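Lettering of chains follows the sequences in order, A, B, ..., and the numbering in each one begins at 1. The shown structure was predicted, so the numbers you read here are calculated from the model rather than taken from an experiment.
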Protein chains: 4
Amino acid sequence: MRPLRADARDNRARILIAAEDVFGQAPNASTEEVAKLAEVGIATVFRHFPTKVELLEAVLTVRLERLRDRAIELAGHDDAGSAFFGFFTQVVSESASKLAIAEALSASGSAAGEAAKEAGAGMRAAFGVLLDRAQQAGAVRRDAGFAEVYALLVGASRGATAAGLEPAVRDRMLELVYDGLRS
Amino acid sequence: MRPLRADARDNRARILIAAEDVFGQAPNASTEEVAKLAEVGIATVFRHFPTKVELLEAVLTVRLERLRDRAIELAGHDDAGSAFFGFFTQVVSESASKLAIAEALSASGSAAGEAAKEAGAGMRAAFGVLLDRAQQAGAVRRDAGFAEVYALLVGASRGATAAGLEPAVRDRMLELVYDGLRS
Amino acid sequence: MRPLRADARDNRARILIAAEDVFGQAPNASTEEVAKLAEVGIATVFRHFPTKVELLEAVLTVRLERLRDRAIELAGHDDAGSAFFGFFTQVVSESASKLAIAEALSASGSAAGEAAKEAGAGMRAAFGVLLDRAQQAGAVRRDAGFAEVYALLVGASRGATAAGLEPAVRDRMLELVYDGLRS
Amino acid sequence: MRPLRADARDNRARILIAAEDVFGQAPNASTEEVAKLAEVGIATVFRHFPTKVELLEAVLTVRLERLRDRAIELAGHDDAGSAFFGFFTQVVSESASKLAIAEALSASGSAAGEAAKEAGAGMRAAFGVLLDRAQQAGAVRRDAGFAEVYALLVGASRGATAAGLEPAVRDRMLELVYDGLRS
DNA sequence: CATGAATGAGGTTTCATTCAT
DNA sequence: AATGAATGAAACCTCATTCAT
């Protein structure tokens, strides 16, 4: 509400965006690089995120919430099969940098903080809905449990991150995965 | 041939084992931790592997060669399908630390040295033979190209590495993958 | 202009002075000794001079600029002969530590950076003016080229640095040199 | 007398030669480089010279003895002037690496051991004879004391070591010095 | 007596975090 | 609230010296 708040909000957002960019490309990047890209002082970064781990968690949280929102949105569509597979494909296509962030986190020893855990749970819940609906619509085999399908999602994402994997190959890989999932 | 070489060999082996262990659990671990686990002085590690990157590469190389040897061995079996799926399962089951090492390497900026590259090529070649034979035996669909199947192998490995994935879930995930691969 | 800059300036100056002192006495001294003498943390030294070589260059540059300024100042005097020989004597008397620094630099492999090179050129130019004027005034023989006179300056400086050379001896040595230079 | 002695002698000589070469070019070189050039194990170097400082001293001693021998030899010549100036020129021409060694020594903190000190004294004595004879022959001014002439010798040597000093310039510099010394 | 491996102390440099303005 | 300087701990790597063969 106070004018300064606006500045602070702006800074927080700019830092998050910069961090997503920086850590997405180099999991081991220094906090100072984030500050430089965000065009704020290093101390400002630490004012908003008292710890590097907290910064990483915040970035991860944002990513997960974004995915959750997309899943929720897709859950409203008519074609449950397209919704499920479309979401799966999107996650795999875009997850390169999310992965890098998760790795940076786990390298820090801390196994994801409260917020990130919640965001992950929310995302998984939304994905579970997509899966359920796709199974009820007959698009996905009924004997596939959530845990293994989610593991497949994670695996496919990570596989797609493999250095130099061409999009065409990635798509053919996904076709193999989808053939195993269809009923 | 010379007497002391025996000790040196021992140390080199001990360092490699320690490194595999240490970097398998924490890609960012320090070289000193490796030395401590191997029970040698830090300088001894650097005598055998003049650079941290070289140490990482050596560990990765050993792992890849081990996998290649297993693939070659399996290629001699009669049942080409079992050979292929068996190898796939083994790789996925054991690759947790291989991954961590590859990541530590790529975090170091250097994209894997000569030896590691060769070992990787050898492993992929051996895996290609397994795939070919499984396809000719009708155990794997013929329209699955090597690139995507290999990407799937990598992805499944990485997916299995997901923190706290239970073996049972991992196996069910693999069943989904295998159903997509079978003809 | 910004408040903290004052502190930083102070620190930078303190570090330079400390470095001049430390490296003047022991060319191989560690950066940590400089930090200790300057009463700052080691990282502060590296913030101001990102590399040990850069620190050495900075010290050398300061020294050379100081000498250049003195030469320029003397060039304004009426008695060109006194100006020339006075400068020569000053350089020889004070150059003990400048030498040590130049050696530390060359030991580092890097043959003096941009700034130091420029400072050296400026100093040589100013010395050249002193020589010219002394020759035109008939105080120094005309057939003495700049290169050899400068080499003589360097040599006399280094000779004076010889361990335990007494000032009286140094002065008599300079008299011999000056007799060779007079017309 | 025992056969092994011959080997040891050989090794000692080879090490000294290698050390002269290595330290002549890089005062900060490691002892291992000396061992490599001498084609002996590092431990062999330390068997002959229990300390790096002792090795440096030995090299310096050899050099000084060599110079002393030359001075003694020249002292037998008829033309005392040529003998003196010839020796002076030789010292200056060849002293580049001697200097480097002396610097390496002084960088080590130790101010030259017993043997090196004696060798230095011997060399100075022989040079003193050359000077005396040249003065009595009227080739060098009588009012030049030994201390300052020796300082000049050292200075000229060091000046000649200046990076990239061309031989022609060095010779012209020496002419200036000699003009100051002549009676 | 020679060798090469092993060692620990120390040097340079980076980085997350705190302090002073 | 924002900044940038300061800091110490730790990382990687080197080297003189010692041990075991």
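- One interatomic measurement links the two molecules: CZ of B:R9 to C1' of E:dG4, which rounds to 15 Å at whole-angstrom precision.
- As rounded to whole Å, 12 Å separates atom C1' of F:dT3 from atom CD1 of A:I15.
- Going from atom CZ of A:R47 over to atom P of F:dA2 covers 6 Å, rounded to whole Å.
- Rounded to whole Å, atom P of E:dA2 lies 12 Å from atom CZ of D:R12.
- Between the NE2 atom of A:H48 and the C1' atom of F:dT3 there is a distance of 12 Å, given to the nearest Å.
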Check against side-chain contact (heavy atoms from CB on, under 4.5 Å), C:R12 and C:L16: CA-CA 6 Å; C:R12 204 191 129 94; C:L16 264 178; 4.3 Å; yes

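- As rounded to whole Å, 11 Å separates atom C1' of E:dT7 from atom CG of B:N11.
- With B:T31 as the fixed residue, the side chain to side chain contact (heavy atoms under 4.5 Å, CB included) test singles out one of B:L56, B:V22, B:I42, B:I15: B:I42.
- Separating the NZ atom of D:K36 from the P atom of E:dG4 is a distance of 11 Å, rounded to the nearest angstrom.
- Taking the side chain as every heavy atom from C-beta outward, D:E65 and D:M123 never approach each other to under 4.5 Å.
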Sequence-aligned protein contact record of nucleotides 9-16 of chain E, with B where the base is within under 4.0 Å of a protein heavy atom and S where only the sugar-phosphate is: --SBBBBS

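- Taken together, the paired segments of DNA chain E that extend over three or more consecutive Watson-Crick or G-U pairs, each closer than 3.5 Å at both contacts, are E:2-21 with F:2-21.
- Between B:G41 and D:T44, the one whose closest nucleotide on DNA chain E sits nearer the 5' end is D:T44.
- The closest side-chain heavy-atom distance from D:T51 to D:F46 is not below 4.5 Å.
- Two residues are said to be in side-chain contact when any heavy atoms from C-beta on lie closer than 4.5 Å; C:F49 and C:E57 fail this criterion.
- F:dA1 atom C1' lies 14 Å from atom CG of A:D10, rounded to whole Å.
- One distance of note links CD of D:E33 with CD of D:Q25; it measures 10.0 Å at 0.5 Å rounding.
- Between B:P50 and B:E54 the shortest heavy-atom distance is CD-OE1, 3.6 Å.
- Using a 4.5 Å cut-off on side-chain heavy atoms (C-beta onward), A:V45 and A:N11 make no contact.
- Atom-to-atom distance recorded for D:H48:NE2 and D:L55:CG is 11.0 Å, nearest 0.5 angstrom.
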